[in-house]
Protein chains: 2
Amino acid sequence: MVQKTGKPGSEPKRRGRPRAYEPDVALGKALDLFRKGGFAATSLDDLSAATGMNRPSLYGAFGDKRELYIKSYQRYRDDARAALSEVFRSELSLRKRLERIYAVALDMYLSGEDGPKGCFTVLTAASDAVHDPAIRAMVIDALSELDKAFARCFRLAKDKGELPEAADPVALGQLGSATIHTIALRARAHVPRKELEAIVRNAVGVMCGTAAK
Amino acid sequence: MVQKTGKPGSEPKRRGRPRAYEPDVALGKALDLFRKGGFAATSLDDLSAATGMNRPSLYGAFGDKRELYIKSYQRYRDDARAALSEVFRSELSLRKRLERIYAVALDMYLSGEDGPKGCFTVLTAASDAVHDPAIRAMVIDALSELDKAFARCFRLAKDKGELPEAADPVALGQLGSATIHTIALRARAHVPRKELEAIVRNAVGVMCGTAAK
DNA sequence: GGAATTTATTGCGAAATGGTACAAAAAACA
DNA sequence: TGTTTTTTGTACCATTTCGCAATAAATTCC
């Protein structure tokens, strides 16, 4: 008896002028700009041009500039988690798993239509965190999440006998994170992928206990 | 016969109104601001207030805002090199030397009247490098310089028998740098010193081949 | 004492920035 | 057709930002 509500099972037809943008797509564009430029150097005109939305529409859809920044960074974290959690949980050997983790990370950091932009957490939010406690809390959370994921990964490898009894998963986890941070930094500085891959190879070798020692 | 030139062996007396600032001190203040805020979020009003110099004086003494930024970053690098090169060259054992290196780095990254500011290279210049090739070149140079210093350190330790024949000084050097980068990042995010020291301890253990394996 | 030199001060201009009010447009509904 | 609702588009505002011209101040030199 609700035939008047539009398509079966869907929301009632929205009144008013239709939106000229997709929120998800617009947020992705904003994310790209903020990741590259940080908060202060990314103007509302920049965001307006990238999203195709005028200023009032940006405010209506996302709130003020700071709120848009926070939503963008949150979106980045969600995307990164989605990309990485599957690899962290895979059933590969430790070495293979680490290799995959870093390959995914390199893809992320070296992506960008106009050049590599590194990691939003390491190169953008951490810088902006100085001015904003809420952003700092998000950065701390991101750092902690990554440390834990690596530690879990090493603990699992230890349980499976891939690492010696004396191995410390927490310490190795920190090393795993440090390698992410250093390649993010270098990617931002346009260090070529070959060099980054060499750094990864060496670090994986150390973490698996088969090289550099 | 040059008695008229002022004090013996010194420059001739400078004509004109005396300066109300010390260039070195002013540059140090500018450095502090830029390190914390980066280029875009640090305004000339901020710099003016911190240095006690009005805008025309800033321009007269240091050039435009970008030139001041570059001079500030260069000054930071000179200071960092001065602080670290002595430790890199010390005659301590490998472990002790690494410990000292990271202690000096932690002091640097945790310094600041109003909180820790991390590393200018990692957290500020690397971010700003996206917009300016000259800054990027300086960042690349800084990264490379640190990699080399660490590799030299490990090569020396290998020559002295502190590391096994199979040890790769370049790979370990990268790890040494990665540890610097990760503590810089975490210091910026206000991770407590205790935690940073634990990360350093674990990393040093891995690099010396005595722990976490 | 006056001229030359160097630096500080004041005020300003042009442009950029973040945010908002309001009118018009485009849809659903009665 | 008129009303209601939602979104777009335009114009505007107040403030900030960067850079600079002109003048005044403080020194040295002749």
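None of the values given here were measured: they were computed from a predicted structure. Just so it is clear: chains get the letters A, B, ... in the order the sequence lines come, proteins before strands, and each one is counted from 1.
- Straight-line distance from the CZ atom of A/R14 to the P atom of C/dA25: 22 Å, rounded to whole Å.
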Would you please test B/L196 and B/Y109 for side-chain contact (heavy atoms from CB on, under 4.5 Å) and show each step?
CA-CA 11 Å; B/L196 300 182; B/Y109 302 155; over 6 Å; no
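- Closest to the side chain of B/N54, from the set C/dA27, C/dT9, D/dT7, is C/dT9.
- Among the protein residues, A/T42 comes within range of the sugar-phosphate backbone only, with heavy atoms under 4.0 Å from sugar or phosphate atoms but none that close to a base.
- Looking at the side chain of A/S43, the nearest of the listed nucleotides D/dT10, D/dT7, C/dT17 is C/dT17.
- Atom CZ in B/R55 sits about 10 Å away from atom C1' in D/dC20, given to the nearest Å.
- Atom pair B/Y21:OH and C/dA8:P shows a separation of 5 Å (rounding to whole Å applied).
- One interatomic measurement links the two molecules: CZ of A/R66 to P of C/dG19, which rounds to 11 Å at whole-angstrom precision.
- The existence of a salt bridge linking A/D78 and A/R81 is confirmed by a sub-4.0 Å separation between a basic side-chain nitrogen and an acidic carboxylate oxygen.
- Here B/S57 does not reach the OP1 or OP2 of C/dT7: none of its side-chain N or O atoms lies under 4.0 Å away.
- Computed from coordinates, the B/L58 CG to C/dT9 P distance equals 12 Å when rounded to whole Å.
- Of the candidates C/dA27, C/dA28, C/dA8, the closest approach to any side-chain atom of A/P18 belongs to C/dA27.
- A donor and an acceptor atom sit less than 3.5 Å apart, one in the side chain of A/R15 and one in the base of D/dT4.
- Ring geometry for B/F39 against B/F34 counts as parallel: the plane angle stays under 30°, on a 0 to 90° scale with 60° as the upper cut.
- The nearest heavy atom of DNA chain C to A/P56 and to B/P56 marks one nucleotide each, and the one closer to the 5' end goes with B/P56.
- D/dT15 atom P lies 20 Å from atom CG of B/L44, rounded to whole Å.
- Note on ring orientation: taking the six-membered ring where Trp is involved, the planes of A/Y102 and A/F150 are parallel (angle under 30°, cut-offs 30° and 60°).
- At whole-Å resolution of the value, CG in A/D64 and C1' in C/dT20 are 13 Å apart.
- Toward the 5′ end of DNA chain D lies the nearest nucleotide of B/K65, the other residue of the pair B/K65 and B/R17 mapping further downstream.
- Salt bridge A/R193/A/D107: present, at least one basic N to carboxylate O contact under 4.0 Å.
- When the P atom of D/dG19 is taken as reference, atom OH of B/Y59 falls 3 Å away, rounded to whole Å.
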